[in-house]
Structures are given as C-alpha cells and as structure tokens.
Amino acid sequence: MVRIIMHGCNGKMGQVITGLADRDGDVEIVAGVDPMDSGMNTYPVFPSIDLCDVDADVIIDFASAKAVDALLDYSVRRQIPVVLCTTGLSEEQLAHVKRASASVAVLKSANMSLGINVISKLLKEAARTLADAGFDIEIVEKHHNQKVDAPSGTALALADAINEEMGGRYEYVYDRSGVREKRSSGQIGIQAVRGGSIVGEHEVIFAGTDEVIEIKHTAYSKAIFAKGALQAAKYLAGKPAGWYEMKDVIG
Ligand SMILES: NC(=O)c1ccc[n+]([C@@H]2O[C@H](COP(=O)([O-])OP(=O)(O)OC[C@H]3O[C@@H](n4cnc5c(N)ncnc54)[C@H](O)[C@@H]3O)[C@@H](O)[C@H]2O)c1
C-alpha cells in the first residue's frame, strides 16, 4: 500500500484524486494539506505542509506555485519523494526543484496525462522532419477562465520538447501585437485562450507551403491528470533521489 500526502487536497485536482484513491486498493491518502478545509475528507488535513507529521511514502502536489518552495524543503528534510504537478513555477523555483532532486526523488510534469506525454514524443519526431523542410510551428492552448498562468505549463513543455530536439534553435513568441514585421523561422508562437470551463486543449500546428499538420490533444475531464498522478506516485515511492518525468512512468 502506497501512503500518500495530498498537497492541495481541497482543490479541484486534490478532490478528484481523493475520489480515485478511495477506489484504488493500492494507495491510501494518509494526510492532506490545504489552508482551506471544511472537514469533508476522511483523512486528517493540515493547514500547511510544515505541520504535517504523518508518515508517508510519497507526496502528490496540486496546489499553488507560492507553496512549492516550502514543499520542496519539506520533501528533502523528511526524505519523502514528491510528484510535483503545480504549474507556473518561476525560474528560481525550477532551480530549487533541480537542487531538491539531488537529495530526494522528484517527478515533475506540467501535464500528467498519458495523451500529452505520447504527443510530446510524436512532436519530436515530426519536428525532426518538418522543421528543416520549412514548416512554421505554432501552439494554441485553451483553458477555463479560472486558470491563472498563461501560457499553460503544458504548452511550454510541448514547445520545450520540440526545441530541445532541434538543438534549442527557437525563441518563443507570445504576443505579436506590437511588432510590424514578418514571422521568422526561428520562432514558436504560443497563444493562450481562456474561457468558460474548457478543461484543456493543446494544438500544435506545423504550417508548411500548401500543407498543414495539426496535432491536437483535448482533455475532457481532470480525471486524466489524476490517474496519471496516482500512477506516478506508485512509481516514485521508494525511488532514489533524482529528477523523474512522466516518460519514465509510461516507459
Ligand atoms: N500537471 C498537471 O497535469 C496539472 C493538471 C491540472 C492542474 N495542474 C496545476 O495544479 C495546480 C492546482 O490546480 P487545481 O485546478 O486543483 O487548483 P485549485 O485552485 O482548485 O486548487 C488548489 C488548492 O491548493 C490549495 N493551496 C493553496 N495554497 C496552499 C498551500 N500553501 N499549501 C497547500 N495547499 C494550498 C488551495 O486552497 C486549493 O484548495 C495548478 O497550478 C494547476 O495549473 C496541473
């Protein structure tokens, strides 16, 4: 049985995971952490991570970027691996994640779904052929009107997957409104649409002369992220210190 601390347990993702974990005989949420609590969970809930003294095998985090530094310090101090799913981390926080992963197992993914992680592989393959054939690459992502970060962590991760594959040749462009010049081939344009209750759409467009290829993923429910997070938690429990990604879980 994998014992989990659910960081951000009363948020939308925390509650989807709580529901799935209830029906999963291989995991148990032994504690939650959330400053907002109305006592609806069957496990104890602490208002901050530093107050949580429950023994656990792994932490799942879907909370707030503001809470990530304290979480990483806790995870290192108590030697509990962490599945880090919160998005919108700063450069300094990403460096903190890297440092923490030298002392404890950290799995970080901007998107825990199987589909996005498969798409990421497909994009690398597509870019290898299409980029040098003169195709321009653009990403359009759509999310609900409650999302605070833009563009999404997933859109950036997809752009990074392409860019790393192509030797870091691209700059990312988020806004062309003030620029009166043609697009250069060294750009990946990333556009964010926000509205209603859209769970998450990511479309990567390879636009060539007379042909366009679009690779698109649509999330219809948050359950896809929750399933991936639980799968990652089972994988990470007991793992040695290091930086892990969803591709390690999926194989
Ligand atoms: N990686 C992925 O696949 C993936 C998927 C969905 C959402 N996310 C990200 O996960 C995060 C949470 O998403 P959500 O939709 O559940 O948001 P949400 O706002 O519904 O929930 C966040 C919860 O975290 C709690 N919280 C705030 N500060 C905290 C702290 N210091 N310690 C512990 N808990 C704290 C809030 O009270 C809230 O209950 C966001 O950054 C979102 O972008 C990632």
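Whatever order the structure lists them in is the order used to number ligands and atoms, beginning at 1.
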Inset, instruction - For the pair Lys234 and Asp24, find out whether any cationic side-chain nitrogen is under 4.0 Å from an anionic carboxylate oxygen. - result: yes
Inset, instruction - Find out whether the Lys NZ or Arg CZ of Lys108 is both under 6.0 angstrom from the six-membered ring centre of Trp243 and within 45° of the ring's axis. - result: no
Legend entry - Geometric cation-pi criterion Lys227 and Phe225, 6.0 Å radius, 45° cone: no
Check ligand 1 for N or O atoms under 3.5 Å from a protein N or O and list each pair with its distance.
residue, atom, partner, partner atom, Å
ligand 1, 1 (N), Cys85, O, 3.1
ligand 1, 1 (N), Ser109, O, 3.0
ligand 1, 1 (N), Ala110, O, 3.1
ligand 1, 3 (O), Met112, N, 2.8
ligand 1, 16 (O), Lys12, N, 3.4
ligand 1, 16 (O), Met13, N, 2.9
ligand 1, 20 (O), Lys12, N, 2.9
ligand 1, 20 (O), Lys12, NZ, 3.1
ligand 1, 32 (N), His7, NE2, 3.4
ligand 1, 37 (O), Asp34, OD1, 2.6
ligand 1, 39 (O), Gly11, N, 3.1
ligand 1, 39 (O), Asp34, OD1, 3.3
ligand 1, 39 (O), Asp34, OD2, 2.7
ligand 1, 41 (O), Thr87, N, 3.1
ligand 1, 41 (O), Thr87, OG1, 3.4
ligand 1, 43 (O), Thr87, OG1, 2.7
ligand 1, 43 (O), Lys147, NZ, 3.4

Legend entry - Residues in side-chain contact (heavy atoms from CB on, under 4.5 Å) contact with Val193, at least two apart in sequence or another chain: Val140, Lys142
Inset, instruction - Flag the pair Arg183 / Asp136 as yes when at least one side-chain heavy-atom distance between them is below 4.5 Å, and no otherwise. - result: yes
Legend entry - Lys/Arg N to Asp/Glu carboxylate O, Arg176 vs Glu138, below 4.0 Å: yes
